[in-house]
Chemist: 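Have a look at this one before I ask anything.
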Amino acid sequence: MDLHLLEKVNDTEWRIPPHGPMRVPGVLFADETLLREMDSKVYEQLCNVAGLPGIVEAAYAMPDAHWGYGFPIGGVAAFDPREGGVISAGGVGFDISCGVRTLHTGLKRAAVEKHKETLAAVLYNSIPAGVGSTGSIRLSAREMDAMLEGGARWAVEQGYGEAADLERTEEHGCMAGADTTRVSVRAKERQKREMGTLGSGNHYLEVQQVVAVYDEAAAGAYGLAVGDVVVSIHCGSRGLGHQIGTEYLKEMAVAAARHGITLADRELACAPLESDIGRAYLGAMRAGINCALANRQILTHLTRRAFGHVLPEARLDLLFDVSHNTCKEENHRVAGRDRRLFVHRKGATRAFGPGHPSLPPELRVAGQPVIIGGSMGTGSYILAGAGDGGERAFASACHGAGRSMSRHQATRQWRGGEVVKELASRGILIRSTSLRGVAEEAPGAYKDVGAVVDAAHAAGLAKKVARLEPMVCIKG
DNA sequence: ATGTTC
């Protein structure tokens, strides 16, 4: 990206002054190095988003932002329904409610290290992964609707996990306002056999060790110390979310024209929140959120069972589950006024600061855990929502390392087998259904997650709490 | 991300 196009606010905040059809400025949170390497398409897409009706305050890009469908991945935009604000399927992303949950194990590194090979084999055999992967669960039409309305709460009622898990899940495990009548039969058909499956791409299940703690107080509240072993699960709403996204994008392209919304890019297809199609998508998307929450809940159950076979002393308590592809109705104070807004976070994590009423009491002082998945080799981070100095970007932070190279480019540069070997030499066991997938996900195809997290911390989006390094990684 | 191009 050309830095001359930006006004520097400080080292990690850069502003695009409104010009042309932009209604609000664009704001990028990143340091100079990340910005220089950032695709110039992010600049273009941020300007386009800033021109959408009813947008409030600014169109934001997180430090891991890259080129996405219409909206950048790593983008945040909030809309006011009373000012003609819109909702966009491309502003949520195809994988509705894709997210990460991290579980404690109660184990230290040495105890797991001894059984690492066996654990990798048992997890690999327990967790269905890969394109089109199916599990042992089959849902009838009635069960499908119950799942789409109940989310992780439904999954716990079915015996997948514990009630305590729900208190550590966004929306307490169940997104209100899901409308199953707005989800097509085809979307439901695709999902019938996909509950409790990981999928492919950048989705993974990792056994990780805490290698650094940056904030003792927050780490204490989160129950994390150096040497602790945790499990992180990254996945979303599988075929159902993808089908909802595909169908509503088409409908919204028509709806936008009908409502007189001019789009700088047809990929920005959207509809007024106060319209039939806007409300329909909202209901369907919320069902998609519940699907992802239920999916991660079932995977948690499978993970506990796998650990039970290998390390029966393990106790997998949920630290937190947070999504990074959503549109949520939230209260935010803008220029001294409390407003009810619809916040799109696409490849961006909600990051509520200390004291937020939606957080469980044990986490309220520290703020919401913000889980940042890195690439297979480079590690992940736990951050905490920042409260000091007020919230930034509608209480949002980055979500991962962010790709720096296309999948195609990565497969030309690396061989999957060599990536597996190289990581094994560093003690990281990769078990994947696809060697091509491993090449596409090679650590070198991603930005430096440490630089992304440092920028998020410096920009006041969230505070660094702990760094995790992988021990075992199960991939599609 | 995605029954990786209805």
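Letters A, B, ... mirror the listed sequences (proteins, then strands); counts begin at 1. This is a predicted model, so every value here is computed, not measured.
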Chemist: Answer whether the closest heavy-atom distance between the side chains of A:Met471 and A:Gln208 falls below 4.5 Å.
Modeler: no

Chemist: Would you tell me if any nitrogen or oxygen in the side chain of A:Arg238 comes within less than 4.0 Å of OP1 or OP2 on B:dT2?
Modeler: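 Yes, within the criterion.
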
Chemist: Of the listed nucleotides (B:dC6, B:dT4, B:dT2), which one gets closest to any side-chain atom of A:Lys250?
Modeler: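 Among B:dC6, B:dT4, B:dT2, the one nearest the side chain of A:Lys250 is B:dC6.
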
Chemist: Output the rounded distance in Å from CD (A:Gln191) to P (B:dT2).
Modeler: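 Nearest whole value for this atom pair: 10 Å.
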
Chemist: Between A:Ile73 (CD1) and B:dT2 (P), how many Å, whole number?
Modeler: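 Computing the A:Ile73:CD1 to B:dT2:P distance gives 13 Å.
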
Chemist: Using a 4.0 Å heavy-atom cut-off, does A:Gly236 contact any base of the nucleic acid, only the sugar-phosphate backbone, or nothing at all?
Modeler: nothing

Chemist: Can you tell me the distance, in whole Å, between the CG atom of A:Asp95 and the P atom of B:dT4?
Modeler: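 My rounded result for the distance is 15 Å.
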
Chemist: Roughly, in whole Å, what's the span from CD in A:Glu440 to C1' in B:dT2?
Modeler: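 My rounded result for the distance is 12 Å.
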
Chemist: Check step by step if side chain to side chain donor-acceptor pair (under 3.5 Å) holds for A:Gln297 and A:Arg101.
Modeler: CA-CA 9 Å; A:Gln297 186 62 42; A:Arg101 65 166 52 187; 3.0 Å; yes

Chemist: Counting the atoms with a prime plus P, OP1 and OP2 as sugar-phosphate, which does A:Arg403 contact under 4.0 Å by heavy atoms, base, sugar-phosphate, or nothing?
Modeler: nothing

Chemist: Decide whether A:His203 and A:Asp95 meet the rule of one side-chain donor and one side-chain acceptor closer than 3.5 Å.
Modeler: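 Side-chain D/A pair, A:His203 to A:Asp95: present.
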
Chemist: Strictly below 4.0 Å: does A:Ser200 bring a side-chain N or O up to OP1 or OP2 of B:dT2?
Modeler: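 Yes, within the criterion.
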
Chemist: Please state how far atom CG in A:Leu198 lies from atom C1' in B:dT4, giving the value in whole angstrom units.
Modeler: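 It is 16 Å, rounded to the nearest whole Å.
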
Chemist: Fit a plane to each ring of A:Phe352 and A:His332, take the angle between them on a 0 to 90° scale, and name the class: parallel (under 30°), tilted (30 to 60°) or perpendicular (over 60°).
Modeler: tilted

Chemist: Quick check on DNA chain B: between A:Phe94 and A:Val131, whose nearest nucleotide comes earlier from the 5' end?
Modeler: A:Phe94

Chemist: Under a plain distance cut-off of 3.5 Å, with no hydrogens placed, do A:Ser406 and A:His408 share a side-chain donor-acceptor pair?
Modeler: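 No - no donor-acceptor pair under 3.5 Å links their side chains.
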
Chemist: Mind calculating the distance between NE2 (A:His242) and P (B:dT4) to the nearest angstrom?
Modeler: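 So the two atoms are 9 Å apart, to the nearest Å.
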
Chemist: For the pair made of NE2 in A:His203 and P in B:dT2, what is the distance, rounded to whole Å?
Modeler: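 Distance check: A:His203 NE2 to B:dT2 P gives 5 Å.
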
Chemist: NA contact type, A:Arg193, heavy-atom cut-off 4.0 Å: base, sugar-phosphate, or nothing?
Modeler: nothing

Chemist: Calculate the interatomic distance between A:Arg186 atom CZ and B:dT2 atom P; express it in whole Å.
Modeler: 16 Å

